[in-house]
Amino acid sequence: MTTPYHVCFVCTGNICRSPMAESVFRARIAEDGLDALVEIDSAGTGGWHEGEAADPRTRDVLRTGGYPSAHTARQFRASWFARRDLVIALDSGHLRELRRLAPTAEDAAKVHLLRAYSCGTGPSAGPADLDVPDPYYGGPAGFAACLEMVEAACDGLLEAVRAEVTSGAPGPAVPRPGLHHPPRKESA
């Protein structure tokens, strides 16, 4: 592969779920030794928080989980599809919005739900069953639950992206039913 494979995570304001997914997936890619082959970023469907850091609760849960969290919020633009191989939506509303924003059918096919890469998400699971709930209006427990979902899904996403970048075949890393790796726990 001559140019890096580019993955972008997208949530609503780019201060909670997508920066969390970006940090976790960046760690998974580095652990797997693929950081020279994969670029990772995140954005929001809206621009309300552009220029801001991630929500303090996101930063706290990432720090507790051992993930770095340098981040500046920004809004996803239709023109970005040209440089992204895979666009990962954090819920079904983002999925619909991103697919509507996509300039071409090929670009719309790059958009997938993060939890489609997770365990227990067989072919019968509908988009709403695959949402990572927005923790913004809740407390720390919601952010911790969000991180657990993101970690489980990022393990499956890593498997799909690894297959994509090591095979040299073009196209998005499409989720396969039944992918599962248990969440990683830090050793004591």
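Since this is a predicted model, take the numbers as computed values, not measurements. Every heavy atom of this structure was used, including side-chain atoms; hydrogens, water molecules and symmetry mates were not.
Side-chain contact check for Leu34 versus Tyr5: every heavy-atom pair is 4.5 Å or farther apart. Using a 4.5 Å heavy-atom cutoff, the side chains of Val24 and Cys154 are in contact. Side-chain contact between Ile88 and Leu157: present, with at least one pair of heavy atoms (C-beta onward) separated by less than 4.5 Å. Two residues are said to be in side-chain contact when any heavy atoms from C-beta on lie closer than 4.5 Å; Cys8 and Glu39 fail this criterion. Between Ile29 and Leu158 the shortest side-chain heavy-atom distance falls below 4.5 Å. Side-chain contact between His71 and Asn14 is present, with at least one heavy-atom pair separated by less than 4.5 Å. Contact annotation: the side chain of Glu164 never approaches that of Asp85 to less than 4.5 Å [non-hydrogen atoms, C-beta and beyond].
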Test side chain to side chain contact (heavy atoms under 4.5 Å, CB included) on Ser18 and Val10; report intermediate values, then the result.
CA-CA 5 Å; Ser18 59; Val10 182; 5.5 Å; no
Does the side chain to side chain contact (heavy atoms under 4.5 Å, CB included) test come out yes or no for Val38 and Val165, once each step is laid out?
CA-CA 8 Å; Val38 182; Val165 300; 4.0 Å; yes
Asp155 vs Arg28, side chain to side chain contact (heavy atoms under 4.5 Å, CB included): CA-CA, chis, key distance, verdict
CA-CA 7 Å; Asp155 286 335; Arg28 296 296 190 265; 2.6 Å; yes
Please walk me through it: do Val161 and Leu86 pass side chain to side chain contact (heavy atoms under 4.5 Å, CB included)?
CA-CA 9 Å; Val161 169; Leu86 192 58; 4.1 Å; yes
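Residues passing the ring pair (Phe, Tyr, Trp, His ring centres under 6.0 Å) test with Phe81, sequence neighbours excluded: Phe76. Among residues two or more places apart in sequence or in another chain, the side-chain hydrogen bond (donor to acceptor under 3.5 Å, both in side chains) test is passed with Asp55 by Arg57.
Side-chain contact annotation: Thr58 with Arg17, donor-acceptor N/O pair under 3.5 Å absent. A side-chain N or O of Glu151 and one of Tyr67 form a donor-acceptor pair less than 3.5 Å apart.
A donor-acceptor distance shorter than 3.5 angstrom exists from the side chain of Arg99 to the backbone of Val111, with no hydrogens or angles considered. Glu52 places no side-chain N or O within donor-acceptor distance of the main-chain N or O of Ala73, the cut-off being under 3.5 Å. In this structure a side-chain-to-backbone donor-acceptor pair under 3.5 Å is present from Arg26 to Ile40.
Here ring pair (Phe, Tyr, Trp, His ring centres under 6.0 Å) pairs that include residues 6-54, with residues two or more places apart or in two chains, are Phe9-Phe25.
Val132 and Tyr137 fall into different hydrophobic clusters, where Ile, Leu, Val, Met, Phe, Trp and Tyr side chains are chained together by heavy-atom contacts under 4.5 Å.
The two atoms that bring Met20 and Cys146 nearest to each other are SD-SG, 3.7 Å, heavy atoms only.
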